[in-house]
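As structure tokens, the structure follows; a few thoughts come after it.
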Amino acid sequence: MFFFVNNYFIFELKIYMESRYKKYQTIERLNEVEGKEVTLRGWVYNIRSKGKLHFIILRDGTGICQCVVFSGNVLPEIFESAKSLTQESSIIVTGMVKKEERAPGGYEIDVKDIEIIQITNDYPITPKEHGDAFLIEHRHLWLRSSKQHAIMRIRAAVIKAIRDFFDGNGFKLMDSPLLTPNACEGTSTLFETNYFDFGKAYLSQSGQLYAEASAFALGRVYTFGPTFRAERSKTRKHLTEFWMVEPEMAFFDLNDDMELAEDLVEYIVQFVLKTCQQELKTLERDTAPLEKVKRPFYRMSYTEAVDWLIANKVPLKKYVDGKEVDIHPFPWGEDFGTVQEEAIMEQFDKPCIIHRYPTDVKAFYMKRDPENSKVVLAMDMLGPERAGEIIGGSQREDDYDLLLERIKQHDLSVDDFQWYLDLRKYGSVPHSGFGLGVERVVKWISGAKHIREVIPFPRMIYRITP
RNA sequence: UCCUGAGUAGCUCAGCUGGUUAGAGCAUCUGACUGUUAAUCAGAGGGUCGGGGGUUCAAGUCCCUCCUCAGGAGCCA
């Protein structure tokens, strides 16, 4: 991969951290101090007592470590205070680091001293099973448990991989505004707010149109930020607030766009495999399917996909008067739903890109295929293992008149899009881009059952707390 | 927005065709134990059965209604 490290910057950062902040021993780096006395700061994850022994499982945010308190090794008052510890009490523990096969993590602390910061009473999340509703209600505490901890570290790794990939490949970060004056694609799917004397403003559902303007200024850019959809979706793969990265490249055609999308996804998955083995193990994630995520991925045109659906007797499911009806054979021109996507993906062990969708089911800004005006130069990447759609992108319409025609066809206000049309008036060039849903990718890689588990504080149709 | 399902102890659940004082495991508290891995063993406390209304001699159980939550569809990343 083309990623490079700027050594100078890393060096400066290290000096800064060492000279200005408190430097604590972390559980993550206990292997460096075997045989030495250390002080750990954290929270009691669990405690087991056996007569003259207490086993404290301590977590400090970086990992968990077993701390053994033996009555013969500590002052009687220290042993008594260890007895009073409860789940999630905050403490400072001092003792010798020992290599120990029986301890989780391989190292344990032979405790000499314990300082109690706070004794916790009635911590709601016990080390037993809990229901989904209870856990999400206690999201602020659920984040402390080992699986959620592992997922959040994988999320951080995914985001780092994305940034490293683009920054190392000549892309510039160009953030798009979150408050926008008009509903750019659809209509009723946006959150609305008041904006001083201008009346209504909306929370952005995509930074793409602004990314296009940015690409014409800086060449290759990406925007990375939260995005908002007011759709009343109630599924395990939708959030109303989610994070999306949207690269946009001047002079890229659809093929370049697909190549870049494949490179990015391969890089993210391989980066997580390389840096998050412990987290994947905690999650009991089978990494074999992830190891396979290497180029080339699969590709299919929409038309080829429809032929496949017909050959495999996958119907179109439609609702007529509230009743489900199967339509055979699948009619060309209809968009794919979950049924079709899952049927297609079941044959693949790697992501698959489906490209050249019918013009009528796609957004107005997508460029029509010069070889067939019934389809647009759009592409969606579907992940294996029921990951669903993780990327959606296209080559953009770069012709002024054709774009104007499409804006009018979609009943959009030409005035609102005047600035966007300007891009086709002053030095228009072929250009392409795509959007990657961060949570969809983290859900796939981590194997989480529900998308709400892969964002710290999920926002969903029936939940805005905590 | 539509379809389906669920609300009983702090948590996870059982509770049959209505029938004495509503049950279990875990958690909590007390006690025992020098190697526990969701420790084990003995004991104790803990309930407006989601809210309201109705049927009945009798309702956790049947009926109506409201609330809350979950899963799926559509839409999408």
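Proteins come first, then strands; the chains are lettered A, B, ... in the order of their sequence lines, and each starts at number 1.
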### Message
If I pick the P atom on rC62(B) and the same atom on rG15(B), what distance separates them, to the nearest angstrom?
### Response
12 Å
### Query
Does a donor on one side chain and an acceptor on the other come within less than 3.5 Å for Glu231(A) and His238(A)?
no
### Query
Any sub-3.5 Å donor-acceptor pair from Tyr107(A)'s side-chain atoms to Val33(A)'s backbone N or O?
no
### Query
Any donor and acceptor pair, going by atom type alone, linking the side chain of Arg356(A) with main-chain N or O of Leu377(A) inside 3.5 Å?
no
### Query
If you look at every strand shown and take non-hydrogen atoms under 4.0 Å, does His450(A) touch a base, only sugar-phosphate, or nothing?
sugar-phosphate
### Message
Just to be sure I understand the rule, does Asn121(A) reach a base, reach only the sugar-phosphate, or reach nothing, if contact means heavy atoms closer than 4.0 Å?
### Response
nothing
### Task
Please measure how far the C1' atom in rA6(B) lies from the corresponding atom in rA14(B), and state the result in whole Å.
15 Å
### Query
Does the side chain of Thr39(A) come under 3.5 Å of the side chain of Thr94(A) through a donor N or O and an acceptor N or O?
yes
### Quiz item: cation-pi between Lys350(A) and Phe297(A), 6.0 Å / 45°
no
### Message
When you compare the side chain of Gln347(A) with that of Tyr298(A), does any pair of heavy atoms fall below 4.5 Å?
### Response
no
#### Entry: Thr223(A) vs Leu173(A) side-chain heavy atoms within contact, under 4.5 Å
no
### Query
rA77(B) P sits how many Å from Trp444(A) CH2, rounded?
17 Å
#### Entry: Position toward the 5' end of RNA chain B (nearest nucleotide), Val339(A) or Met460(A)
Met460(A)
### Query
Using atom P of each nucleotide, how far apart are rG50(B) and rG25(B) to the nearest Å?
22 Å
### Carboxylate-amine/guanidinium contact Arg452(A) Glu439(A), below 4.0 Å
no
### Message
Can you measure Phe224(A) atom CZ to rA77(B) atom P for me and round it to whole angstrom units?
### Response
16 Å
### Message
For rA9(B), give the paired nucleotide (Watson-Crick: N1-N3 plus N6-O4 or O6-N4; G-U: N1-O2 and O6-N3; both under 3.5 Å), or none.
### Response
none
#### Entry: Watson-Crick or G-U wobble mate for rA44(B), both contacts under 3.5 Å
rU28(B)
### Message
Would you say the rings of Phe336(A) and Phe330(A) are close, in the sense that their centroids are separated by under 6.0 Å?
### Response
yes
### Query
For the pair made of NE2 in His138(A) and P in rA27(B), what is the distance, rounded to whole Å?
18 Å
### Task
For rG60(B) versus rC49(B), give the span between their P atoms, rounded off to a whole number of Å.
8 Å
#### Entry: Spacing of Asn46(A) atom CG relative to rU28(B) atom C1', expressed in whole Å
14 Å
### Query
Is Thr338(A) touching bases, backbone alone, or none of the nucleic acid, heavy atoms closer than 4.0 Å?
sugar-phosphate
### Message
Suppose you measure atom P in rC69(B) against the same atom in rC63(B); what distance do you get, rounded to whole Å?
### Response
24 Å
What's touching nucleotides 4-12 of chain B from the protein side, N or O pairs under 3.5 Å?
residue : atom : partner   : partner atom : Å
rC11(B) : O2'  : Glu129(A) : O            : 3.0
rC11(B) : O2'  : His130(A) : ND1          : 2.7
rU12(B) : OP1  : Gly131(A) : N            : 3.0
rU12(B) : O2'  : Glu129(A) : OE1          : 3.2

### Query
Ignoring hydrogens and angles, are the base of rG35(B) and the side chain of Glu101(A) linked by a donor-acceptor pair under 3.5 Å?
no
#### Entry: Phe364(A) ring center near Phe417(A) ring center (under 6.0 Å)
yes
### Query
Among the nucleotides rG72(B), rG35(B), rA77(B), which one has an atom lying closest to any side-chain atom of Lys234(A)?
rG72(B)
### Task
Check every strand shown and say whether Tyr462(A) touches a base, only sugar-phosphate, or nothing at a heavy-atom separation below 4.0 Å.
sugar-phosphate
#### Entry: Length of the line joining Glu341(A):CD and rA77(B):C1', which is rounded to integer Å
11 Å
### Query
Where the side chain of Glu231(A) is concerned, which of rC75(B), rA70(B), rC76(B) is the nearest nucleotide?
rC75(B)
### Query
In whole angstrom, what separates Phe228(A)'s CZ from rC76(B)'s C1'?
16 Å
### Message
Tell me if the aromatic rings of Phe228(A) and Tyr202(A) count as close, with their centers under 6.0 Å from one another.
### Response
no
### Side chain Arg440(A) and base rC76(B) donor-acceptor under 3.5 Å
yes
### Query
Under 4.0 angstrom, heavy atoms only, what part of the nucleic acid is Ile125(A) near: base, sugar-phosphate, or nothing?
nothing
### Query
Hey, is the side chain of His54(A) poking within less than 4.0 Å of OP1 or OP2 on rU34(B), counting only N and O atoms?
no
### Task
Check whether any side-chain N or O of Lys50(A) sits under 4.0 Å from OP1 or OP2 of rC33(B), and answer yes or no.
no
### Task
Return the nearest nucleotide to the side chain of Asp335(A); candidates are rC76(B), rA38(B), rG74(B).
rC76(B)
### Message
Are rG35(B) and Phe55(A) stacked, with the base six-membered ring and the side-chain ring centres under 5.5 Å apart and planes under 30°?
### Response
no
### Query
Counting only side-chain N and O atoms of Arg236(A), is one of them less than 4.0 Å from OP1 or OP2 of rG72(B)?
yes
#### Entry: Whole-angstrom distance between rC16(B) and rA22(B), as gauged at atom P
15 Å
### Message
Please name the nucleotide paired to rC49(B) by Watson-Crick or G-U wobble geometry with both distances under 3.5 Å, or report none.
### Response
none
## Note on the structure
To the nearest angstrom, the CG-P distance between Asp122(A) and rA27(B) comes to 14 Å
### Summary
Among the nucleotides rA77(B), rC29(B), rC75(B), whichever has the atom closest to the side chain of Lys237(A) is rC75(B)
### Task
Quick one: label Glu439(A) by what it contacts on the DNA or RNA (base, sugar-phosphate, nothing), any heavy atom closer than 4.0 Å.
nothing
## Note on the structure
Within residues 64-73 of chain A, the residues having a heavy atom closer than 4.0 Å to RNA chain B are Gln66(A), Phe70(A)
### Query
Considering only heavy atoms from C-beta outward, does the side chain of Tyr420(A) approach that of Asp416(A) to under 4.5 Å?
no
#### Entry: rG35(B) OP1/OP2 closer than 4.0 Å to side-chain N/O of Arg102(A)
no
### Task
Output yes when a side-chain donor or acceptor of Ser204(A) lies under 3.5 Å from a complementary backbone atom of Leu178(A), and no otherwise.
no
#### Entry: Earlier contact from the 5' end, RNA chain B, for Ile461(A) and Arg452(A)
Ile461(A)
### Nearest-angstrom distance, C1' atom, rG54(B) to rC13(B)
30 Å
### Query
Whole-Å distance between rC76(B) P and Ile354(A) CD1?
15 Å
### Message
Less than 6.0 angstrom separating the ring centers of His54(A) and Phe70(A), yes or no?
### Response
no
### Query
When we call it a touch if two heavy atoms are under 4.0 Å apart, what does Asp380(A) touch: a base, just sugar-phosphate, or nothing?
nothing
### Query
So what does Ile390(A) touch, heavy atoms closer than 4.0 Å: a base, only the sugar-phosphate, or nothing?
sugar-phosphate
### Query
Expressed as a whole number of Å, how far does the P atom of rG23(B) sit from that of rG19(B)?
14 Å
#### Entry: Any-strand Watson-Crick or G-U partner of rA73(B), both distances under 3.5 Å
rU1(B)
